[in-house]
Amino acid sequence: MLSQGGGGGMLKGKGGIRWWIISLVMLGTVINYLTRSVLSVAAPTMMASLHMSEQNYGVITGVFQFGIMLQPVAGYMLDLTGLRLGLTLFAIAWGLVTMAHALAGNWQGLAFLRGLQGFAEGIAQPGGLKVVAEWFPARERGFASGIYNIGASAGSILAPPLVAWAILSYNWQAAFIISGGLALIWALAWFFGYQTPDRHKHLSGAERAYIRAGQNVGQDAIGQTQPAVMVQKPSPLRILRQRNFWGMAIARFLADPTWSTLVFWVPLYLSTARGFDLKHIALFAWLPFVAADLGCLFGPALALWLQNRGVSLINARRGAFTIGACMMLCVPFVGLVASPYMAIALLCVGAFAHQTLSVNVITLASDLFAPHEVATVAGMVGTVANLGALLMSVAMGFLVAKTGYGPFFMLIGGLDLIGAAWLWLMIRPVAAATERHP
């Protein structure tokens, strides 16, 4: 008999191929975020080598965010080409572009390469969500999303020691070459290791039936449900007309500047504002991302805990987001405390809180839209989210030398509460085709 319970499906007699697949996605996400995080750790060294100012660095990170804003193009291509070929090509692209960073001779050339890398690496969220939508029943999607989102934090954890070792042993160029090469290796592993649930030869009949039984359904243009297995081209215009899309998009517009600040600015903050050298950055800059990993698991666990107490699926996601937003109120104190170690501790709490809320709002795309739309929706939401990150990065580049980091920590500490209120106002649970209860 197929268990319909939240935890039973993961543990009892269904097989584990779907968890192997999401682990492979997590590994790809690790490498994706490792390659994008190399620049932030190497920045103090590269700024001297390439004669960059903080304003130049802000522009470079902004160009990267602009590249990621093209996620709708990447997501749409993925919906058309399929996961196996699409993710392979994008991984090859971001690996080669990362390696090309070693050839940059000035900040303008580096900015151009970062734009290309942003576009290629923007496939991470659309690709991960599409895998979750195809391979997991609705009740398990939160945990599956949490698992692959661990890769975002893990990649940022690996960056400080890898970059410090590469710079101290060779030079900053070596860090980009090594990390880019890892992306090429993963592309081969994905191409030869992935198949759809219908074609995967190692997927048991029981596990396939369990996945299909729990799949969500979408809604067509006139509000009638359609089976999730129908294959259609996604309609961006139809998606844009739905308030649930804007509910997710604006919430992420407000939330994502936190993550871009952690990834791109914390190592530079520790260097310039707290006096850390490269070795100290390697020792401490990864700690917030360990906390973020824990948040990736706590977020879906919190949502499931709420569901087990009678809260509906969508409301459980929103409730977990709200609790994470409340925890973010510690972040404004990062710039106020005297101890650099207390500042790092507060950043750890903020990273934990951010991933607690982030994994829930990201997963909403697979709860509210049909599987054939998920990558496109995720890409379009990602564009709005990364616009917020772009504006924050450029503003920091222009203003941090004059105002310091304090105002920015205060800002990102409060934005998520606005995002939580927006989610409760805009998302309509009845617009989701099905809601899962224990």
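These values consider heavy atoms only, across backbone and side chains, with no hydrogens, waters or symmetry-generated copies. Note that the structure is predicted; figures quoted are calculated from it, not measured.
Neither side chain, Glu134 nor Thr196, offers a donor N or O lying under 3.5 Å from an acceptor on the other. No side-chain N or O of Trp107 forms a donor-acceptor pair with one of Ser53 less than 3.5 Å apart. One side chain, Ser37 or Ser156, offers a donor N or O that lies under 3.5 Å from an acceptor on the other. Side-chain contact of Trp165 with Ser169: a donor-acceptor pair under 3.5 Å is present, judged by distance alone. Side-chain atoms of Gln125 and Asn149 form a donor-acceptor pair, as typed in the model, at a separation below 3.5 Å. No side-chain N or O of Ser260 forms a donor-acceptor pair with one of Gln65 less than 3.5 Å apart.
Using bins of under 30°, 30° to 60° and over 60° for the plane-to-plane angle, the ring pair Trp190/Tyr194 lands in the parallel bin. Classified by interplanar angle (parallel below 30°, tilted 30° to 60°, perpendicular above 60°), the ring pair His354/Trp259 is parallel.
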request  = Evaluate the criterion side chain to side chain contact (heavy atoms under 4.5 Å, CB included) for residue pair Leu182 and Trp186; output intermediate values, then yes/no.
outcome  = CA-CA 6 Å; Leu182 293 175; Trp186 183 85; over 6 Å; no

request  = Quick one: do Trp19 and Phe136 satisfy ring pair (Phe, Tyr, Trp, His ring centres under 6.0 Å)? Show the steps, please.
outcome  = CA-CA 9 Å; Trp19 299 107; Phe136 288 87; 4.9 Å; yes

query = Taking it one step at a time, do Val384 and Arg252 satisfy side chain to side chain contact (heavy atoms under 4.5 Å, CB included)?
reply = CA-CA 7 Å; Val384 181; Arg252 284 197 57 195; over 6 Å; no

message = Pair Phe253, Leu391 - check side chain to side chain contact (heavy atoms under 4.5 Å, CB included), show working.
response = CA-CA 10 Å; Phe253 174 86; Leu391 294 175; 4.2 Å; yes

query = Do Met380 and Thr376 pass the side chain to side chain contact (heavy atoms under 4.5 Å, CB included) test, and can you show the C-alpha distance, the side-chain angles, and the key distance before you say yes or no?
reply = CA-CA 6 Å; Met380 294 168 65; Thr376 301; 3.8 Å; yes

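Geometric assessment of Arg274 against the ring of Phe276 yields a negative cation-pi assignment under the 6.0 Å and 45° thresholds. Note that Arg84 lies in the cation-pi zone of Phe191, set by a 6.0 Å cut-off to the ring centre and a 45° limit from the axis.
Looking at every heavy atom in both residues, Phe289 comes nearest to Ile157 through CB-CG1, 3.3 Å.
Partners of Asp416 according to the side chain to side chain donor-acceptor pair (under 3.5 Å) rule, which considers only residues two or more places apart in sequence or in another chain, do not exist here. Leu336 is linked by a side chain to side chain contact (heavy atoms under 4.5 Å, CB included) to Phe333, Met410, counting only residues two or more places apart in sequence or in another chain.
Here the CG atom belonging to Leu357 is positioned 15.0 Å from the CZ atom belonging to Arg318, to the nearest 0.5 angstrom.
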